[in-house]
Every structure is written in structure tokens, then in C-alpha cells.
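Whatever order the structure lists ligands and atoms in, that order sets their numbers, starting from 1. As the structure is a computational prediction, the values presented were derived from the model and not from experiment. We count residues from 1, following the sequence as given.
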Amino acid sequence: MKQKIERIKSESFGKMKYAASERELYDIKVKCLGRNGSLTKILKSLKNMSPEKRKILGSLANQARRDVEETYQKRRKELSEQVDWEKERIDATLPGEKAEIGSLNPVSLVQREIEEIFSSMGFEIADGPEVETEWYNFDSLNVPPDHPARDMQDTFWLKSEKGKFVLRTHTSPVQVRYMQKNKPPFRIIVPGRVFRNEATDANHEHTFNQFEGLMVGLDISAANFRSTMKIFFEEFFQQKIEIRLRPSYFPFTEPSFEIDMNCLVCGGKGCPVCKYSGWIEIAGAGMVNQKVFEAAGYPKNKYQGFAFGGSIDRLAMMKYKIDDIRLFQSGDLRFITQF
Ligand SMILES: [Zn+2]
């Protein structure tokens with residue numbers, strides 16, 4: 001019996017040493033220590049033996065069981081660390097998998113182009129937070145407390161114990177933020193994402209992109225403004241553009257204008273895009289209201305400047321002839337990969 005135990009042990013060791021896989025190794029262990037394993041049978045037979053025999057053989061058999069288990073664990077660790085070179089073999093002659101190359105959203109393309117054109121005219125690019133305080137988004141820009149723009153219907157308000165916050169409804173708060181830190185003369189452009197709490201349709205999105213412009217100095221006039229806009233649009237659309245200014249009203253500019261450009265779809269003859277007027281509204285603008293300068297901490301009536309704000313999405317729609325603003329954020333690859 002003693003020899004039998006020794007034989008089982010050495011046989012298991014020998015087989016385990018040459019086991020080529022964890023599966024094979026496990027089978028060897030089961031043959032020895034499993035329910036009907038050779039060593040298990042011996043352990044079971046101990047109860048029919050005399051006490052002295054049981055004591056000697058029991059101790060031997062149990063030691064053998066521990067040794068086999070230990071050898072099994074060691075070999076298993078070795079096998080798991082072994083690299084299967086056959087599996088790792090690479091056929092260098094196989095054709096590679098073609099990687100999908102991403103493309104930029106047309107809004108990003110247009111934003112970059114806007115930044116480039118204004119940079120070439122000496123404008124600096126400024127940035128500000130998308131979550132704004134009520135003061136920067138409305139008060140500092142001379143928007144009266146009862147103005148409909150502050151309504152829950154138009155603005156996303158954020159609950160906070162620290163005060164009233166909004167998702168900025170325009171890029172104009174950056175005007176005040178920039179002026180608080182910088183002295184004129186300067187010219188900046190502020191491209192950025194803005195949010196409106198409104199129903200969406202082909203022309204309206206709850207999230208879209210604006211570009212804000214601000215030029216301030218001692219003698220900046222509406223004529224500077226008009227020529228800046230004309231140069232920008234002609235550079236952007238790469239053709240001759242007519243622009244016209246219509247009187248309008250914004251709390252943060254005085255006087256205020258709407259900027260129209262001639263419709264590029266019909267060439268001014270009239271079409272559904274321009275509602276048969278030959279003109280398309282492209283931006284809002286005006287001379288900076290002195291109250292905004294005051295809010296930024298500038299002395300009253302010392303500086304003059306103009307500000308304008310347009311929709312990057314709308315420019316992208318005109319440039320690429322896109323008829324639904326919602327496509328920009330749709331995540332639809334059939335749309336995005338065209339650019
Ligand atoms: Zn038209």
C-alpha cells in the first residue's frame with residue numbers, strides 16, 4: 001500500500017510536468033484526487049484498516065494528497081503564464097483592416113473658418129463659461145428684470161443654493177467678463193455654445209453655436225463695423241456680398257441693427273429660403289450701450305465700440321445648403337461623413 005501511494009504520487013508528478021494545457025492538467029488531477037480518483041480510493045479504504053496501519057498510511061496518503069495539489073497549482077501557474085506562440089502568430093501578408101477616419105462637424109469647420117478670418121483682421125479669440133450667473137447673462141447686459149428673455153420658457157435655469165444660474169442664452173456675457181480684465185482698445189471674437197429653452201424645428205435648436213464680436217476703442221464707429229462685417233462675409237462665402245443694416249432693438253446695444261445679406265440661394269430674386277425678400281437675416285449688432293461699459297467698470301462715455309452676434313449654425317446651413325438645423329446634433333454618420 002505504501003508503494004502504491006508513492007507510485008500514484010510520482011506518476012501524477014510526471015504527467016503534470018508534461019501537461020500541455022490547463023485542461024489536460026486538470027484531468028490528471030481528477031484521476032488522482034477526484035471523487036473516484038486513485039488516491040481518493042485509498043483514503044476511503046483507510047476506515048477498514050487497523051488503527052496502527054490507518055495511522056501510518058493515513059498520514060502518508062494525506063501528505064501525498066497535499067503534494068499532488070501543490071504540484072498541480074504550481075504547474076497551472078506556469079501554464080497560465082506561458083505564451084501560446086501558435087495563437088500569437090501573425091500573418092504579415094494579410095491585408096490590414098481599414099480604419100474609419102472621422103470628420104469634423106460642419107459647425108466646427110465653420111467656427112474654425114470664422115476664427116481664422118477674424119484673426120487675420122487682428123481679433124483675439126476669447127472664451128467664457130457655459131453655465132452663467134443671472135448677472136452676467138442678463139443684468140450686466142442691461143436686460144431689464146421683466147424682459148421676456150428671462151422667462152422660464154426661453155431660458156434654462158439651474159437650481160443652486162449659491163445663487164441663480166442659467167445655461168447661457170448667448171455669448172454676450174463674455175463681453176463683460178473680458179472687459180472686466182482688459183482695457184481698450186481691443187477687438188475680440190467669442191465663438192461658443194448657447195442654450196435656449198424652446199421647441200425645436202428645422203430652424204430652431206435648444207443648443208446651438210454663436211459667434212460674438214466686440215471692438216472697443218476711443219473712436220470706433222458704425223462705419224468701422226459695416227466694413228468689418230462686409231469683409232468677413234465676402235471672405236467667408238468667397239464672393240461679393242451685399243449687406244444692409246435695419247434698425248432693431250437689443251438691450252445691450254444703442255443703436256441696434258439687424259444685419260441682412262443678399263440671399264445666395266436665389267441671388268436676390270426671391271426664394272423660399274429668403275421668404276421671397278432676396279435678403280437673409282444673418283446677425284444682430286449695434287453700438288455697445290454705455291450701461292454695459294459701466295457694468296464692466298469702465299468710465300461713462302469714455303469708450304465707443306460695436307458688438308455683433310451671429311449663429312454659426314445658420315452660416316453653416318447657408319454655406320453647405322443644409323435645410324434642417326437639427327442635423328448638426330443628430331449624431332447621424334450619414335450626415336456627418338459628408339464633410
Ligand atoms: Zn432667396
Side-chain angles (χ1 to χ4, degrees), residues 103-118 120-121 149 154 169-172 189 191-194 196 198-213 222-250 253 255-286 306-330 332 334-339:
S103 57
L104 286 173
N105 190 295
V107 167
S108 303
L109 289 171
V110 166
Q111 180 177 327
R112 289 184 184 189
E113 210 172 326
I114 292 169
E115 289 173 359
E116 236 167 71
I117 297 169
F118 278 103
S120 75
M121 291 194 274
D154 299 310
T169 57
H170 47 186
T171 41
S172 307
I189 180 108
R193 207 147 56 132
V194 301
R196 302 273 172 89
E198 62 183 7
T200 63
D201 62 29
N203 276 308
H204 298 90
E205 254 292 21
H206 49 71
T207 303
F208 58 99
N209 302 273
Q210 276 194 335
F211 63 107
E212 180 93 12
N224 294 126
F225 163 65
R226 202 191 157 95
S227 59
T228 303
M229 293 322 276
K230 193 167 155 64
I231 291 168
F232 166 70
F233 286 119
E234 292 191 341
E235 199 56 42
F236 181 79
F237 287 107
Q238 288 292 305
Q239 59 180 286
K240 200 156 170 48
I241 300 284
E242 289 305 320
I243 65 167
R244 71 174 187 190
L245 306 182
R246 273 183 300 118
S248 184
Y249 170 76
F250 303 109
T253 45
S256 305
F257 324 102
E258 296 283 356
I259 308 170
D260 295 339
M261 61 173 276
N262 55 315
C263 178
L264 298 181
V265 179
C266 62
K269 279 182 222 124
C271 72
V273 177
C274 60
K275 297 187 189 109
Y276 301 98
S277 69
W279 295 93
I280 285 180
E281 196 182 301
I282 202 78
F306 66 76
F308 57 88
S311 158
I312 298 177
D313 299 48
R314 192 147 294 172
L315 280 185
M317 287 168 85
M318 293 209 46
K319 182 151 197 158
Y320 298 114
K321 314 246 184 286
I322 295 162
D323 59 5
D324 194 327
I325 193 171
R326 291 168 296 190
L327 284 166
F328 293 132
Q329 296 199 82
S330 64
D332 190 337
R334 289 170 304 180
F335 170 71
I336 290 299
T337 50
Q338 292 177 54
F339 301 93

**Q** Hey, what's the ring geometry for Phe339 with Phe335, parallel, tilted or perpendicular (30° and 60° as the breaks)?
**A**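 Rings of Phe339 and Phe335: perpendicular, over 60°.
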**Q** Are any non-hydrogen side-chain atoms of Arg112 and Leu104 less than 4.5 angstrom apart?
**A**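 Yes, at least one pair of side-chain atoms sits under 4.5 Å.
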**Q** Quick one: salt bridge (Lys or Arg N to Asp or Glu O under 4.0 Å) pairs with a partner in residues 309-323, sequence neighbours left out?
**A**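 The answer is Glu113-Lys319.
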**Q** Return each pair, listed once, that meets side chain to side chain donor-acceptor pair (under 3.5 Å) where at least one residue sits in residues 228-238; pairs must be two or more places apart or across chains.
**A**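 Output for this query lists Lys230-Glu234.
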**Q** Who pairs with Ile336 by side chain to side chain contact (heavy atoms under 4.5 Å, CB included), at least two apart in sequence or on another chain?
**A**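 Side chain to side chain contact (heavy atoms under 4.5 Å, CB included) list for Ile336, sorted by chain: Ser103, Asn105, Pro106.
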**Q** If you leave out waters, which protein N, O or S atoms are less than 2.8 Å from the Zn ion (ligand 1)?
**A**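 Less than 2.8 Å away from the Zn ion (ligand 1) sit Cys263 SG, Cys266 SG, Cys271 SG, Cys274 SG.
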**Q** Is the ring centre of Phe118 less than 6.0 Å from the ring centre of Phe308?
**A**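 Close enough - the centres of the two rings lie under 6.0 Å apart.
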